[in-house]
Amino acid sequence: MSLLREIKIEDQDRRLLMAFCWAGVGILSLAGLMALLMVLNRTPAIAMTSPSLYYQALTGHSILMFIFWLSFIQTAFLVAAGTVLIGRRLWSYLLAWIGYAVMLLAAVLSLLGVLLGADVTYMATLPLAQDYSASWLIYLSFLVLSVGMLIVVVDFILTIFGAVERPFEFDSWVGFLKDIPISTFAAIAGLIMVLPGLIAAFKAFVPGFLWSLGFISLDQMTYRMSWHIAFHIYHYIPALTLVGVAYVLVEVIFDAHSVYAKPIAKALFLLYPFFVPPTFIYHLLVDPSIPEGIKFIGSALSLLTGTPTILHMFIIVGMVEARMRRSGHSIFGWLGHLPWGNPAFGSVVMGMVTLFVAGLLSYVLLQRQLSPMLHNTFVVPAYIHPMAAGGANLTYMGALYYAVPILMGRQLWGVGLARIQPYLLGGALLLMSVAGTAAGLAGVPRRVPWIPFGVDNPASWAPLMNLSKGVGGTLAIAAGIIFVLVIVMTAIVGRKAPDAEEAIKGMEPRTSPIKIDYVHTPVALIPPLLFVAGVIILTYFAFGLLRGIPIFAP
Amino acid sequence: MKSPRMYLILAFLIAFGVLALIPIWYALDVIKPEEGGHQEHGGGATVSVEEFESKVEAQMEKYGLPDGSVRLPPGDVYILVTQFVYVPNNIRLKAGALYTLLFLSKDVLHGASLIKTRSLNSVIMPGMVTAMTVRPMQTGDILMLCNEYCGIRHHSMRAKIIVEETARADLHEGDGVVVDVQPQKGRVVLNHGEIKDFMAAMEGMSYVADPPTLLRGLKPGDKVRFGIDPDTRSVVKIVLVDK
């Protein structure tokens, strides 16, 4: 309970954070609706809706879900990391609200673009976009979003400067960075990626926007490279954010603290900006424009992009393990005493499980030599969904299960529903992923409506896609509906609570008394060990499959 | 372990264990920076559409059949790609022979996904040639489709590759299992059954492969049908048979 007791939320923070939350949930709902349209089309057993509606829904789903929902919720975490978590006020609330408004405008522009038929997906590739008259709205919306995020980021930076006693003295910074919680440090470390990411976004979308209006000519390869650098950095921000959020959740749920020195966890966050940016090349492994040697080096460097996350997961699981064992549980006995029925805990656990599976797939996908077998097949969505909709989303949803009741001063509505929601979403995503990987390996491409290749389709495609998209996709959407329902109903009819302690009734932290001093974490070593073994086994398996393709010439 | 720090050190060792993939790549012999990918055999070259189009036309003229398909000898295959067609879109290749498919887009980004059990995929760009080296080892059809979203009728963009058996009546044909592949020597070691009018069943028999590129994609344990030239006594045809 300690962390929750320490937290004091000012009204200004409350209003700002809830504004971000509502915008996020609204966008999430729209993106979910688009997902439903895609499921209705891509499930062979249903195969309704037209291909054009499918491409429109695909564009809307990818932009709203991956770009806007994640941007809003992650910016909210940034604001929380600079205020609530360190007991500070923002440098300027006006500036933050302006940033929020600009981001909201960007979301509206994107939605407008989608509704007006700019079916260009979030890649908005050149020169394809010129086939769609509304595509300028998409480039403009990405630009405006970058401006909005930059405004909030600047506000956050000024807030941090204000929080340091003597911001122009090195020692003062060292003391500050030592004192702040791990999650706030994660937010600061994240800036080292966010700022270059925003610069890359401007570099891609200013020319893109001008080109879409016909003002300049632009080479498709130049745009493709800039886009991929911006996208690559952007798609690692959830990786870092979800870890930062998981630290807070574990601390709240268990009153657990790292048994390892905090600076270690903090230093690990600095590895992301170090390992991530040079590896954007792994999205371009089958492009003809990049020499083989560069592809190989990019692929080899990419092997380290998961390392910080593996280590964080070890520390986080270790926090729980040590805390549980201090309460006197046996080496594996503590697993049975975890608060599986706490929606926030269920979310973190399923977030980690889906992240584990997605991580395994990511290590297969980033290997240069395997890329011809995997590029743009359904293996890619089968990986990104457990990664983003699982690892990141589930963790964020877990945070919202606490944040919304506390911020609104109301108890969570439908705790029973909320309890099953993370397991339903996690299970659905795993099914989508496993069946989808099999489908992708059988050659099902991504980003096509069903109906497509008619009678020539290999026989295995339909059953696998029915399972992946039909069953997995539908269940995931159902879980999304439950989440939105619980959050909205909490706001409307949740029982009013005078304080945080009362607001989180039914999700109370597990604070069993400490009986012994215990600092060993052997069980926490098991997931990383299984992960690395899994990567190696899957790699062998994948090379076997590659060599077995009866048209493959090495 | 007395000190909890030991667990942390172990975790670091495990987490960096993913780097083991690099020696594994060496062990699997899959690192070939000097070739491969989509840059060999003219891949990565910048050519004009006109130049490429004339090569496609010459190929159609020389190898075109009345049914609209092309029947091509081993080597380069030129395929021009536009929204939403491949030209040619009905391609006949010889089983067991090595081909380099060369693609150029006339308009937007496209893809090529060659599907036979699994798929082999590539990005096709305007202004730059993509090369895909393939060796169709089984007779039958290969489905080729676009896997890079290219517009409103993206899903209808596809072509067919028909893989045909090499027809040479004079070859001595046999069935066997690959024991060893020696690409440097250009030799293949086979266990095979009786080859009618030519040789009794043999174990561990080594043959010269002509050309040595026949051996690409072949690995020990593969069940194959092969053909031996009566004059040179070397293997001139080798095709996988279903396991």
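Reckoned from all heavy atoms, side chains included, excluding hydrogens, waters and symmetry mates. Because the structure is a prediction, the values reported are computed rather than measured. Throughout, a chain's letter reflects where its sequence line sits, starting with A, and its residues are numbered from 1.
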| field | Steps toward side chain to side chain contact (heavy atoms under 4.5 Å, CB included) verdict (B/Asn121, A/Thr377) | value | CA-CA 8 Å; B/Asn121 302 278; A/Thr377 64; 3.5 Å; yes
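- Put simply, of A/Thr125, A/Val120, A/Ile536, the one with the most heavy-atom pairs under 4.5 Å next to chain B is A/Ile536.
- In this structure, chain B has no heavy atom under 4.5 Å from any part of A/Ile526.
- Counting heavy atoms from C-beta outward, B/Val123 and A/Arg224 have side chains that approach closer than 4.5 Å.
- In this structure, the side chains of A/Pro372 and B/Leu120 come closer than 4.5 Å at one or more pairs of heavy atoms.
- For B/Leu93, no part lies under 4.5 angstrom from a heavy atom of chain A.
- Other residues, nucleotides and ligands contribute more than 12 heavy atoms inside 6.0 Å of the CZ atom of B/Arg92.
- In this structure, B/Asn147 and A/His375 have side chains that are in contact, with non-hydrogen atoms separated by less than 4.5 Å.
- Your options are A/Ile315, A/Val259, A/Leu304, and the one with the most heavy-atom pairs under 4.5 Å with chain B is A/Leu304.
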| message | Go through it in stages, so that I can follow the logic: the residues are B/His154 and A/Val448, the test is side chain to side chain contact (heavy atoms under 4.5 Å, CB included), and I'd like the CA-CA distance, side-chain angles, deciding distance and then a yes or no. | response | CA-CA 7 Å; B/His154 163 57; A/Val448 281; 3.3 Å; yes
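- Contact of A/Ile264 with chain B is made through the side chain alone, with heavy-atom distances under 4.5 Å.
- Inter-residue side-chain proximity for B/Ile14 and A/Phe531 is flagged as unmet; no heavy-atom pair is nearer than 4.5 Å.
- Counting heavy-atom pairs closer than 4.5 Å to chain B, the top residue among A/Leu58, A/Val532, A/Leu128, A/Ile310 is A/Leu128.
- Contacts between residues 15-26 of chain B and chain A, defined by a heavy-atom separation under 4.5 Å, are made by B/Ala15, B/Phe16, B/Gly17, B/Val18, B/Leu19, B/Ala20, B/Leu21, B/Ile22, B/Ile24, B/Trp25.
- The closest side-chain heavy-atom distance from A/Tyr540 to B/Leu28 is below 4.5 Å.
- Residue contact with chain B, scored on non-hydrogen atoms closer than 4.5 Å, involves the side chain of A/Tyr260 exclusively.
- No part of A/Ile297 comes within reach of chain B, as not one of its non-hydrogen atoms sits under 4.5 angstrom from that chain.
- Of the possible polar contacts, one joining the B/Arg118 side chain to the A/Leu441 backbone as a donor-acceptor pair under 3.5 Å is found.
- When B/Met125, B/Met137, B/Lys116 are compared by the number of non-hydrogen pairs under 4.5 Å with chain A, B/Met125 comes out ahead.
- Most heavy-atom pairs under 4.5 Å with chain B: of the set A/Ala533, A/Ala261, A/Ala300, this distinction falls to A/Ala300.
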| request: Show your reasoning for whether side chain to side chain contact (heavy atoms under 4.5 Å, CB included) applies to B/Tyr7 and A/Leu525. | output: CA-CA 7 Å; B/Tyr7 297 103; A/Leu525 279 174; 3.7 Å; yes
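- In this structure, the portion of A/Asp131 lying under 4.5 Å from any heavy atom of chain B is its side chain and not its backbone.
- With chain A as the partner, the residue from B/Gly151, B/Ala45, B/Ser113 showing the most heavy-atom pairs under 4.5 Å is B/Gly151.
- Sorted by first and then second residue, the salt bridge (charged side-chain N to carboxylate O under 4.0 Å, His left out) pairs involving residues 98-107 of chain B (not counting sequence neighbours) are B/Glu53-B/Lys106.
- Note that CG of A/Asn457 is 8.0 Å distant from CZ of B/Arg158, once rounded to the nearest 0.5 Å.
- Taking both residues in full, the closest heavy atoms of A/Pro458 and B/Leu143 are given as CD-CD2, 4.4 Å, listed atom of the first, atom of the second, then distance.
- Looking at A/Thr309, neither its backbone nor its side chain comes within 4.5 Å of chain B, counting heavy atoms on both sides.
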| message | Run B/Met128 and A/Met221 through side chain to side chain contact (heavy atoms under 4.5 Å, CB included) and show every step you take. | response | CA-CA 10 Å; B/Met128 184 175 278; A/Met221 265 184 248; 3.9 Å; yes
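- Within the 4.5 Å cutoff, the side chain of B/Val30 has heavy atoms near those of the A/Arg547 side chain.
- Distance check: B/Leu114 CG to A/Ile549 CD1 gives 10.0 Å after rounding to the nearest 0.5 Å.
- Scanning both residues, B/Ser119 and A/Gly440, for their nearest heavy atoms gives OG-O, 4.4 Å.
- In terms of heavy-atom pairs under 4.5 angstrom with chain B, the leader among A/Arg447, A/Met373, A/Gln130 is A/Met373.
- Only the side chain of B/Gln83 comes within less than 4.5 Å of a heavy atom of chain A; its backbone N, CA, C and O stay farther away.
- Residue contact with chain B, scored on non-hydrogen atoms closer than 4.5 Å, involves the side chain of A/Thr539 exclusively.
- Remark: side-chain polar atoms of B/Tyr149 are paired, donor with acceptor, to backbone N or O of A/Asp119 under 3.5 angstrom.
- Annotation: side chain of A/Pro445 is in contact with side chain of B/Leu145 (closest heavy-atom distance under 4.5 Å).
- Neither the backbone nor the side chain of B/Tyr99 has a heavy atom closer than 4.5 Å to any heavy atom of chain A.
- Ranked by heavy-atom pairs under 4.5 Å with chain A, the list B/Ile161, B/Leu109, B/Ile142 is led by B/Leu109.
- Between B/Ile152 and A/Ser52 there is a side-chain heavy-atom pair separated by less than 4.5 Å.
- Taking the six-membered ring for Trp and the full ring otherwise, B/His155 and A/Tyr54 have centroids separated by 6.0 Å or more.
- Residues B/Ile115 and A/Gly443 share a closest heavy-atom pair of CD1-O, 3.6 Å.
- Summarising the geometry, atom CZ belonging to A/Phe543 is positioned 10.5 Å from atom CG belonging to B/Asp29; distances are rounded to the nearest 0.5 Å.
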